[in-house]
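Heads up, the thing below is written out as structure tokens.
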Number of protein chains: 2
Amino acid sequence: MHPPADYEQMLRESDLRVTRPRVAVLAAVHRHPHADTETVIAAAREDLDDVSHQAVYDVLRALTAAGLVRRIQPSGALARYEARVGDNHHHVVCRSCGTIADVDCAVGHVPCLTASDDHGFTIDEAEVVYWGLCPACSNPPDQHHPDQHQPARQGQPVGRKRETDDRQQ
Amino acid sequence: MHPPADYEQMLRESDLRVTRPRVAVLAAVHRHPHADTETVIAAAREDLDDVSHQAVYDVLRALTAAGLVRRIQPSGALARYEARVGDNHHHVVCRSCGTIADVDCAVGHVPCLTASDDHGFTIDEAEVVYWGLCPACSNPPDQHHPDQHQPARQGQPVGRKRETDDRQQ
DNA sequence: AACGGTTCTTGAATCATTCAAGAAAGTGCG
DNA sequence: CGCACTTTCTTGAATGATTCAAGAACCGTT
């Protein structure tokens, strides 16, 4: 998506030291939008065989603090990261399979930043999460997802990787 | 806030068995809006000395599924519960101390339910979280909160109870 | 090239939440 | 009212994403 040099420059422009774990993680997040940490670790290891998971956690935190990536964490789901930053876009989350898609702000730019009554808070960001069912989960053409098509009243997104265990914390 | 009988009736109307843990937890959530699980457990035990934490977890799940309480979980924070349901209101969260306040929908009723491009998703809910600083944290009149008044660029809300440890998961 | 501070590696700990199995309690029925 | 059936609660242990800690390796600078 970008040549490695670009990632190095992004890091330098944010006053972050350029290290191989950082370049690998930044590239991984660019390659896999909305990936959870486990996926980012795996993707980073494609570039850098033996990055420790701890390094990835540290890097994700540094990149997030620097604004190079954005951390999103829909209610009840694991943390996910994306590289599209600075444009105040939002997300749709599938209640059934947990898939996330980007949604541009519906109400104009720097939108809903005006709450009806802000209770004296100094608001600097409005985060919108749309909940629903993705195309695949809302019209089950064949039996691919046998038993997960009753959208629970207050259902939480279920995991994607593990087959038998969708514990969440 | 309500006489116990009201809670019993709410439960029955939702086809839930009326048990003492359920009444205690429902009352606790009504008494403590936006409380995390630990707080709900403590509050429930005011009414019912020795409810197990597991029972509270079970009850909160049942109440949430029934729509009697709503579970909210701002990015990076612990799960919290509130009894105000069915009116699609939103929340402001203080980045510094984690305080949550209610905010009525800014853009009319059943609002932002129209995403600009829904990617084929069937959207049934739009959840809005406003991030910022609460009055107490944004104008520090005295030195009550010595070192937590630099709103980190992507800061997460910090815990409220523990003094030395604000780990979050 | 060496220094000093930052970042990585390795390995262990944390803790909210969940799982499991048996006991207790709630509800409908005779 | 008391029984049977099912759901819910109690007790106690497990889970697993994330964090902590200490020392080694690395980055940018003097």
Side-chain angles (χ1 to χ4, degrees), chain A residues 8-9 11-26 35-42 44-45 47-66 71 73-81 98 156 158-162 164-169, chain B residues 8 11-12 14-26 35-42 44-45 47-66 71 73-81 98 156 158-162 164-169:
Chain A
E8 294 185 21
Q9 190 179 355
L11 290 168
R12 277 188 229 282
E13 285 173 357
S14 298
D15 285 310
L16 292 177
R17 288 190 178 180
V18 176
T19 68
R20 289 199 291 170
R22 284 180 175 174
V23 174
V25 169
L26 188 49
D36 60 20
T37 311
E38 184 187 0
T39 304
V40 173
I41 293 174
R45 286 183 175 155
D47 291 355
L48 191 59
D49 271 0
D50 46 3
V51 224
S52 65
H53 75 130
Q54 181 61 64
V56 175
Y57 274 98
D58 287 348
V59 169
L60 285 173
R61 171 180 298 205
L63 296 181
T64 302
R71 174 189 168 124
Q73 186 174 19
S75 221
L78 298 180
R80 286 156 176 264
Y81 295 88
Q156 300 295 343
V158 296
R160 346 44 343 260
K161 290 283 152 46
R162 293 175 237 76
T164 58
D165 177 1
D166 60 50
R167 182 182 312 93
Q168 64 202 20
Q169 46 179 341
Chain B
E8 294 185 22
L11 289 168
R12 278 189 229 283
S14 298
D15 285 310
L16 292 177
R17 288 189 179 180
V18 176
T19 68
R20 289 198 293 171
R22 284 182 175 173
V23 174
V25 169
L26 189 49
D36 59 22
T37 310
E38 185 186 0
T39 304
V40 173
I41 293 174
R45 286 184 176 154
D47 292 355
L48 190 58
D49 272 359
D50 46 1
V51 225
S52 66
H53 74 129
Q54 182 61 64
V56 176
Y57 274 98
D58 287 348
V59 170
L60 284 173
R61 171 179 299 204
L63 297 182
T64 303
R71 174 191 168 123
Q73 185 174 21
S75 221
L78 298 181
R80 286 156 176 266
Y81 295 87
Q156 301 295 345
V158 296
R160 339 65 320 269
K161 292 284 153 46
R162 292 174 239 78
T164 58
D165 177 359
D166 60 50
R167 180 184 312 95
Q168 66 203 20
Q169 46 178 341

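Lettering of chains follows the sequences in order, A, B, ..., and the numbering in each one begins at 1.
Taking five base pairs at each end of the helix from C:dA1-D:dT30 to C:dG30-D:dC1, the local helix axes there meet at an angle of 30°, rounded to 10°.
The distance from atom CZ of B:Arg12 to atom P of C:dG26 is 10 Å, rounded to the nearest whole Å. Summarising the geometry, the separation between CG on A:Leu26 and P on C:dT7 is reported as 15 Å, rounded to the nearest angstrom. Summarising the geometry, the separation between CG on A:Asp36 and P on D:dG16 is reported as 14 Å, rounded to the nearest angstrom. Atom P of nucleotide C:dT18 and atom CG of B:Leu60 are separated by 10 Å, given to the nearest angstrom. Note: CZ (B:Arg71) to C1' (C:dT18) measures 12 Å, nearest angstrom.
Look at A:Tyr57 and you won't find any side-chain N or O under 4.0 angstrom from OP1 or OP2 of D:dT19.
Under the rule for a salt bridge (charged side-chain N to carboxylate O under 4.0 Å, His left out), the partners of B:Arg12 that lie at least two apart in sequence or sit in another chain are B:Glu8. Listed by chain and residue number, B:Asp58 satisfy the side chain to side chain donor-acceptor pair (under 3.5 Å) test with B:Gln54 (two or more places apart in sequence, or in another chain). B:Ala62 is linked by a side chain to side chain contact (heavy atoms under 4.5 Å, CB included) to B:Arg22, counting only residues two or more places apart in sequence or in another chain. For the side chain to side chain contact (heavy atoms under 4.5 Å, CB included) test, residues two or more places apart in sequence or in another chain that qualify with B:Arg45 are B:Ile41, B:Val51, B:His53.
Considering every non-hydrogen atom in both B:Pro74 and B:Leu78, the closest pair reads CD-O, 4.4 Å. Of all the heavy atoms in B:Pro21 and B:Leu48, the pair that sits closest is N-CD2, 3.6 Å.
One distance of note links CZ of B:Arg80 with CD of B:Gln73; it measures 10.5 Å at 0.5 Å rounding.
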- Query: Which parts of nucleotides 3-13 of chain D does protein reach within less than 4.0 Å, heavy atoms only, written one letter per nucleotide 5' to 3' as B for base, S for sugar-phosphate only and - for none?
  - Reply: ---BBSSBBB-
